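Below is one structure, written out as structure tokens; comments come after it.
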Amino acid sequence: MKVRLSSLMIFLIAVSCLVTGCGKKDTSSDELLIGLSMADLKEERWQRDRDMFKTAAEALGAKVIVQDASGDPNTQIQQCENMLVKGVKILVVIPKNADAAAPIVEKAHNQNVKVLCYDRVIANADVDLYVSFNNVRVGEIQAEEILKVVPKGNYLILLGDPGDKNAGMVHQGHMNVLQPAIDAGDVKIVHQQACDKWKREEAKRITDDALTKYKIDAIVASNDGTAAGAIAALEAAGLAGQIPVSGQDADLLNCQYIVQGKQTVTVYKPIRKIAEFSAKAAVAMIKGETVEGINAHVPNGKIDVPTVFLTPLPVTKDNIDETVIADGFHSRESIYQ
Ligand code: GAL
């Protein structure tokens, strides 16, 4: 049976398609395609960053391609190039090495793709947005909590990876707090050294060595991985729990150390906050919308990068329940075992 469509019906179908977008290829997920380039997944926190970012972005209708560079800066550049070929509309990058990652921004901009630096900034490049926790404040908190219990004495400082700009900002925070005590002759930094790639083994080796050379009264470690290395050295020397140690990231092992009295403080950076904020910002940037909340501009050697600094929190045995456990970051059972 032949069905003759009147011109009116054809018009009505056309109008309805126009209104409902029927037949239009659903490009929303292609349009909202995000490339997440991760330096590595070694520290526990980055696995959480990955999962929480992906969940938050997908809830906003985006699709996320995740690439793990396994610690290799060149791999990271190649992976970003591949994601650009796949048509990502923004690159969200945790650079393995701030300087080596600069070409990623140029390649992205050549294709009108923006770059959001997640927690670590890329140097010497026109980065579009940097979202992190105030890393100077991280270092200040570490030093404040250690100075409270060791107002006078010999300090060992374990710095982070020299290729990570965060490490330098954290140390700036250390010195903001310690310098007056040093000037007063109360505190002496008998040794400070960078731990390549934030490696726990490096921190242990440096601490082992320092313990043989100096009387150490306090250890300011720049993150929980290096803190764990220092605590391993203290355990070997029968000093664990006798020498205060700082950290950062609220890793499970270190939260256990805190309730056991082996670690004084970790700096908790609610990963959900940075992950959800960055996902929202990435989607807004794809749409050409402005990002609310810019509260700093961080010089990266080329420009003053528009930055959103979120607030880090000190976690000690006195408040671990109201922070890390209350947030569901770790269960009470896993921390108190
Ligand atoms: C830093 C980050 C810290 C620390 C370190 C190790 O860039 O700000 O949270 O964990 O990486 O991955």
Side-chain angles (χ1 to χ4, degrees), residues 36-53 68-73 76 92-101 116-123 127 130-142 157-174 194-204 220-230 245-255 257 263 265-275 277-278 296 298 300 305 307-315 323-324 329-330:
L36 176 62
S37 169
M38 305 195 76
D40 58 51
L41 290 166
K42 264 187 344 42
E43 274 79 17
E44 182 186 311
R45 61 144 305 172
W46 300 118
Q47 297 144 39
R48 291 169 179 274
D49 291 281
R50 172 199 57 200
D51 299 344
M52 291 183 177
F53 178 86
D68 166 15
S70 304
D72 183 316
Q76 187 161 35
V92 177
V93 184
I94 299 142
K96 180 59 193 171
N97 180 292
D99 297 298
L116 186 159
C117 282
Y118 183 106
D119 198 39
R120 296 177 179 170
V121 77
I122 292 174
V127 172
Y130 170 38
V131 181
S132 185
F133 288 88
N134 186 327
N135 292 290
V136 172
R137 185 67 198 123
V138 168
E140 290 172 348
I141 291 170
Q142 292 173 340
I157 298 187
L158 299 171
L159 306 176
D161 180 36
D164 180 350
K165 296 294 179 197
N166 284 5
M169 290 186 247
V170 168
H171 186 48
Q172 186 191 320
H174 297 154
C195 300
D196 191 45
K197 297 186 176 56
W198 300 88
K199 276 191 190 144
R200 180 182 306 194
E201 307 72 34
E202 274 286 278
K204 180 183 184 306
V220 175
S222 296
N223 85 322
D224 280 348
T226 51
V245 180
S246 69
Q248 171 194 186
D249 289 330
D251 286 356
L252 178 57
L253 175 64
N254 302 78
C255 289
Y257 283 156
Q263 183 167 332
V265 61
T266 185
V267 180
Y268 174 47
K269 309 185 313 185
I271 300 299
R272 184 177 305 286
K273 281 201 180 130
I274 187 171
F277 185 93
S278 298
V298 172
N300 74 341
V305 182
T307 298
V308 174
F309 273 142
L310 304 170
T311 308
L313 302 167
V315 168
T323 51
V324 166
F329 199 67
H330 297 304

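We count ligands from 1, going down the list as the structure has it; atoms in each ligand are counted the same way. We're numbering straight along the sequence, starting at 1. Not measured: the values here are computed from a predicted model.
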Of all the non-hydrogen atoms in the protein, which one sits nearest to atom 5 (C) of ligand 1, and at what distance?
Trp198 CE2, 3.5 Å
Answer yes or no for Trp46: is there a heavy-atom contact with ligand 1 below 4.0 Å?
yes
Interfacing atoms of ligand 1 (cut-off 4.0 Å, heavy-atom, Asn223):
4 (C), 6 (C), 10 (O)
In this structure, does ligand 1 have an atom that sits under 4.0 Å from one of the heavy atoms of Lys269?
yes
N/O donor-acceptor pair under 3.5 Å between Asn223 side chain and Ala221 backbone:
no
Any ion pair linking Lys96 and Asp72 (charged N to carboxylate O, less than 4.0 Å)?
no
Heavy atoms, side chains only, cut-off 4.5 Å: are Asp224 and Gln263 in contact?
yes
Side chain, backbone, both or neither: the part of Gln248 lying under 4.0 Å from ligand 1 by heavy atom:
side chain
As an exercise, identify every atom of ligand 1 less than 4.0 angstrom from a heavy atom of Asp164.
1 (C), 7 (O), 11 (O)
Which pair of non-hydrogen atoms, one from Ser246 and one from Ala227, has the smallest distance, and what is that distance?
O-CB, 3.3 Å
Compare every heavy atom of Ile274 with every heavy atom of Val131, then report the nearest pair and how far apart it is.
O-CD1, 3.7 Å
Hey, is the main chain of Leu253 close enough, under 3.5 Å, to the side chain of Asp251 for a donor-acceptor pair?
no
Which protein non-hydrogen atom lies closest to atom 11 (O) of ligand 1, naming both residue and atom, and how far is it?
Arg120 NH2, 2.9 Å
Measure the CD-CG distance between Glu201 and Asp196 for me, rounded to the nearest 0.5 Å.
10.5 Å
Heavy-atom pairs closer than 4.0 Å: do any link ligand 1 to the side chain of Asp119, the backbone, both, or neither?
side chain
Where is the nearest protein heavy atom to atom 10 (O) of ligand 1: which residue, which atom, and how far?
Asp249 OD2, 2.3 Å
